[in-house]
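Read the numbers this way: they start at 1 and go in the same order the structure lists the ligands and their atoms.
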Amino acid sequence: MEVADGLSTVVPEHPAAGRVMATIFYEPSTRTRLSFEAAMIRLGGAVISTENAAQMSSAAKGESLRDTIRIVSGYADVIVLRHHDQGSAAIAAEVAPVPVVNAGDGPGEHPTQALLDAYTIRRRRGGLEQLHTVFLGDSLYGRTVHSLCLLLAQYPGQRHTFVSPPEAEPPGHLLDALREAGVEITVLTDVQAAVHDADVLYVTRVQKERFTDLGRYQAASGRYWVGSELLAALPERAMILHPLPRLQELPEATDADPRAAYFEQARLGIPIRMALLGRALGVL
Ligand code: NCD
């Protein structure tokens, strides 16, 4: 089966025929929900979806997440959940008799994004070992950052450099977990100094919706961006990733740079999510 952009897979035709995936999203999404749905359709399965679950599901009537999941488990063979509370996917998995995929739990984690991020790095670079990753942006609320650094920490020779505004520095428990896994960590404010030997520049937007104090958000936003000076300091071998959506931190002028890998990264969500759904459903 031809998946996307010349990516061939060894997937048999329609392995998920007759299976149903439910996407329940309490937070906005373009890439994650649509790529999960496209992946399921490409596997031959069907999709039921509530894209604005906070307003359009019985959550608006006061139904608990647990009850919603109990009910949807009776309709679908796999549930993909995005929710604003950290730990919500784990709660859903406790009550669901079918597999639950975490598509983002508030400021917690976004593990399927980490899989496609790592896949992009591996395809461009040939491997994930001995990697220097510079995380530029929101390392406090950026769940894609949390999941990617924990995934990379499973490979030998990792160096992680965090460059964030003081309002969005990586949480202490994350740094502890990374140190314990043997990752060499640097926290800097000067991005020029950080990127000269980077393999990956992983850029994120400051997560406005997670800030309880708008003043703190305003102080944190607009502080960093990928400009011509930064691009000049970044090695030729490096790649620029961004989970998207982007704001001012990643100007469109960067798109023409051969190191810009973020559209390829978004596309690779399809084969990754096909593989994941196939495994979750036991059909691949
Ligand atoms: C990210 C998310 O939702 O955490 N987007 C995505 O899934 N590709 C990043 C973000 O919203 O900034």
Notebook entry, point to check: What do you reckon, are the aromatic ring centroids of His242 and Tyr202 less than 6.0 Å apart?
Noted result: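 That pair fails the under 6.0 Å test.
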Just need the protein heavy atom nearest to [atom], so name the residue and atom and give the distance.
atom	result
atom 4 (O) of ligand 1	Arg143 NE, 2.7 Å
atom 11 (O) of ligand 1	Arg205 NH2, 2.9 Å
atom 8 (N) of ligand 1	Pro243 O, 2.9 Å

Closer than 4.0 Å to some heavy atom of [X] - which atoms of ligand 1 meet that?
X	result
Gln207	10 (C), 12 (O)
Gln113	6 (C), 7 (O), 8 (N)
Thr32	6 (C), 7 (O)

Check: So which of Val206, Thr144, Leu244 gets nearest to atom 5 (N) of ligand 1, if we judge by its closest heavy atom?
Finding: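 Looking at heavy atoms only, Leu244 sits closest to atom 5 (N) of ligand 1.
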Margin query: Heavy atom to atom 7 (O) of ligand 1, shortest distance: which of His110, Arg31, Glu109, Glu209 holds it?
Written below: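 Minimum heavy-atom distance to atom 7 (O) of ligand 1 goes to His110.
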Check: Does even one non-hydrogen atom of Pro245 get within less than 4.0 Å of ligand 1?
Finding: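 The answer is yes: ligand 1 sits under 4.0 Å from a heavy atom of Pro245.
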Checklist line | Arg82 to ligand 1, any heavy atom closer than 4.0 Å | finding: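 Yes.
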Counting distance only, does the side-chain N/O of [X] pair as donor-acceptor with the main-chain N or O of [Y] below 3.5 Å?
X	Y	answer
Arg19	Leu281	yes
Ser35	Arg31	yes
Arg123	Gly127	no

Check: Do Glu63 and Thr68 get their side chains close enough for a donor-acceptor pair, meaning under 3.5 Å?
Finding: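 Their side chains do contain a donor-acceptor pair, which is all the 3.5 Å distance test asks for.
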Item checked: Partner of Val80 under side-chain contact (heavy atoms from CB on, under 4.5 Å), chosen from Thr112, Val101, Ile24 ->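 The passing option is Val101.
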Next item on the list: Fit a plane to each ring of Tyr26 and His84, take the angle between them on a 0 to 90° scale, and name the class: parallel (under 30°), tilted (30 to 60°) or perpendicular (over 60°).
Entry: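 Rings of Tyr26 and His84: perpendicular, over 60°.
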